[in-house]
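Scroll down for the structure; my scribbles are underneath it.
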Amino acid sequence: MSADLSFYIVTLVVYAAVAVIGCWGLELQYSDTGLLNLSYIVSVAVGGYTVALLSLGPPETGGGTVVQEYFWGASLPFPLPFVGAVLAGMLVSLPIGLVALRRLRSDYQAVAMLSVALIAAALVVAMPGLLGGGHGLYLIPAPLKEELGLRSTEYSWLYAGFAVLLTLLAAWVVLRISRTPLWRVLRAVRENPEAADALGVNVTPVRLSAFAVGNGLGALSGAVLASFIGTYAPADWSYQETLILMGAVIVGGAGNRFGVLLGAMVLPVGLTEATRYLPQFGAPGTVDALQFVVVGLVILAFLWWRPQGVFPERKRTFGLDGAPVPFWNTLRPESSGEVRAKQGVA
């Protein structure tokens, strides 16, 4: 296998892991809790910038011979920069969530979240000393590359395996949530927050918990991407990127973990690679802009003809003990004798 083909495959694997982790975090907010978070890409950016700040070192020596502008830095050992990125993504959820989730209804929440995304991008660009301004942060050290002493090709495959491992960890988190009583509380809040509140559910903390966990996964995806490409700038987290992730959730099937995984592989990864091979035409940037146009058309088509997505959300069935019934057991109706046996009735 040639070095170019090997790097291309590794890039696809890492980008797929980044997309899947990010989409699962957004799905936890949108599909499970009913939060239309149009500032989700901000949490992704928080993860990317945090892993850079915790790896580059102090600003005076950050980036080796090239002096970069950023407000603070450290050189923490692996995997602390990734842990810090997840925690930063969760912590930034608190001030945003307390403002947008407490008193605003869903449509106003979406507008408030979009405003947060626009304000965050404008502040970073307007203040170069904060996070490098429009140029962003660069020369981000690859985790453990110097310590392992591997060749570039060998290390890229190792990093791809690390990205897949983090994807499996994210899958474990979202699947664990979907198999706990918290999942039913989230769905109750999604379906009818007023009824949930009347039944004693404290809606705001429930929404904040889903908001924080989802943003933590988004920050993890940003950290994986920033450490792989070695740079992170405002161009990597424009607010339109949330549209692509949201489109992946809608196309794959909101509320279906496997469907969202498929949507992440089709839109953020497949569509990006498809536009890469289009011949250049028109003004510079036309092909890149065409990507967002196609994403918008795909979302509109699914919302019109198949709003449930490729893999619709399946109905969950729970047993008498409150545990979810496996899918294959729901295919065959139980007899009255089996029901009485489970209930301990003779």
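All values below were derived from every heavy atom in this structure, side-chain atoms included, with hydrogens, water molecules and symmetry-related copies excluded. Position 1 is the first residue of the sequence, and the numbers go up from there.
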Linking I/L/V/M/F/W/Y whenever their side-chain heavy atoms sit closer than 4.5 Å, directly or via other members, would L165 and V20 fall into one cluster? no

Check: F162 ring centroid to F82 ring centroid under 6.0 Å: yes

Mark yes or no for whether T50, through its side chain, and G47, through its backbone, hold a donor-acceptor pair below 3.5 Å. no

Quick one: does T33's side chain have a donor or acceptor within less than 3.5 Å of a partner on Y30's backbone? no

Group every Ile, Leu, Val, Met, Phe, Trp and Tyr by side-chain heavy-atom contacts under 4.5 Å, then state whether F258 and L26 land in the same group. yes

What heavy-atom pair brings A117 and Y239 nearest, and what distance separates the two atoms? CB-CB, 4.1 Å

Check whether any side-chain N or O of R306 sits under 3.5 Å from a backbone N or O of G309 as a donor-acceptor pair, and report yes or no. yes

Donor-acceptor pairs under 3.5 Å, side chain of residues 291-299 to any protein atom, not counting sequence neighbours: which ones?
residue: Q291; atom: NE2; partner: T272; partner atom: OG1; Å: 3.3

Sidechain-backbone polar pair: T167 side chain, A163 backbone, donor-acceptor under 3.5 Å: yes

Can you tell me how far the CD atom of Q29 sits from the CG atom of L101, to the nearest 0.5 Å? 9.0 Å

Taking the side chain as every heavy atom from C-beta outward, state whether L245 and Y40 have any atom pair closer than 4.5 Å. yes

Evaluate the side-chain contact (heavy atoms from CB on, under 4.5 Å) criterion for residues L168 and W172: first the C-alpha distance (whole Å), next the side-chain angles of each, then the deciding distance (0.1 Å), finally the verdict. CA-CA 6 Å; L168 295 176; W172 179 81; over 6 Å; no

Quick one: are P193 and R207 in side-chain contact, heavy atoms under 4.5 Å? yes

Hey, are the side chains of I244 and E241 touching, using non-hydrogen atoms and a 4.5 Å cut-off? yes

Are any side-chain N or O atoms of S39 and backbone N or O atoms of V116, one a donor and one an acceptor, separated by less than 3.5 Å? no

Closest approach of V249 to C23 (non-hydrogen atoms, all atoms of both residues): CG2-O, 3.9 Å

Interatomic distance, H135 atom NE2 to T231 atom OG1 [nearest 0.5 angstrom]: 11.0 Å

Residues at least two apart in sequence or cross-chain that pass salt bridge (charged side-chain N to carboxylate O under 4.0 Å, His left out) with R190, listed by chain then number, are E313

Please check this pair: side chain of S31 against backbone of L28, looking for a donor-acceptor N/O pair closer than 3.5 Å. no

Please name the pair of heavy atoms, one in A110 and one in L38, separated by the smallest distance, quoted to 0.1 Å. O-CD1, 3.6 Å

Out of curiosity, L217 CG to E27 CD, how far, rounded to the nearest 0.5 Å? 10.5 Å

What are the two closest non-hydrogen atoms of T242 and N37, and how far apart are they? CG2-O, 3.7 Å

Could you measure the distance from the CG atom of L262 to the CG atom of N256? Nearest 0.5 Å is fine. 9.5 Å

Return yes when atom CD of E147 has more than 12 non-hydrogen atoms of other residues, nucleotides or ligands closer than 6.0 Å, and no otherwise. yes

Are Y15 and Y155 connected into the same hydrophobic cluster when the rule is that any two of I, L, V, M, F, W, Y join if their side-chain heavy atoms are below 4.5 Å apart? yes

L98 side chain reached by F211 side chain, heavy atoms, under 4.5 Å: no

For residues I140 and A226, report the shortest heavy-atom separation together with the two atoms involved. CD1-O, 3.9 Å

How about L36 and M113: do any of their side-chain heavy atoms sit closer than 4.5 Å? no

Just so I know, are the side chains of V92 and V42 near enough to count as touching, which here means a heavy-atom distance under 4.5 Å? no

Pick from L150, V224, V10: which one makes a side-chain contact (heavy atoms from CB on, under 4.5 Å) with Y159? V224

Got a salt bridge between R257 and D32, using NZ or NE/NH1/NH2 to carboxylate O under 4.0 Å? yes

Within the distance-only criterion (no hydrogens, no angle test), does the side chain of S221 pair as donor or acceptor with the backbone N or O of G218 below 3.5 angstrom? yes

Hey, any chance L158 and L166 share a hydrophobic cluster, counting ILVMFWY side chains that come within less than 4.5 Å of each other, even indirectly? yes

Are F311 and V266 joined in one hydrophobic group, where the rule is that I, L, V, M, F, W and Y side chains link up if heavy atoms are under 4.5 Å apart? yes

Closest heavy-atom pair and its distance - Y70, L131: CB-CA, 4.4 Å

Ignoring hydrogens and angles, tell me if any N or O in the side chain of N215 forms a donor-acceptor pair with the backbone of A212 under 3.5 Å. no

In sequence, state the C-alpha distance, the side-chain angles, and the governing distance for W237 and Y49, and then conclude on side chain to side chain donor-acceptor pair (under 3.5 Å). CA-CA 11 Å; W237 55 283; Y49 282 122; 3.3 Å; yes

side-chain contact (heavy atoms from CB on, under 4.5 Å) partner of S55, the single match among P143, P81, S227: P81

Rounded to the nearest 0.5 Å, what separates atom CH2 in W24 from atom CG in L220? 11.5 Å

Answer yes or no: are there more than 12 heavy-atom neighbours, outside R176 itself, under 6.0 Å from its atom CZ? no

Under 4.5 Å between any side-chain heavy atoms of L80 and P77, yes or no? yes

Check: Q68 side chain, P59 main-chain N or O, donor-acceptor pair, under 3.5 Å: no

About how many Å separate CG of L123 and CG of L118, when rounded to the nearest 0.5 Å? 11.0 Å

Side-chain heavy atoms of Y232 within contact of V44, under 4.5 Å: yes

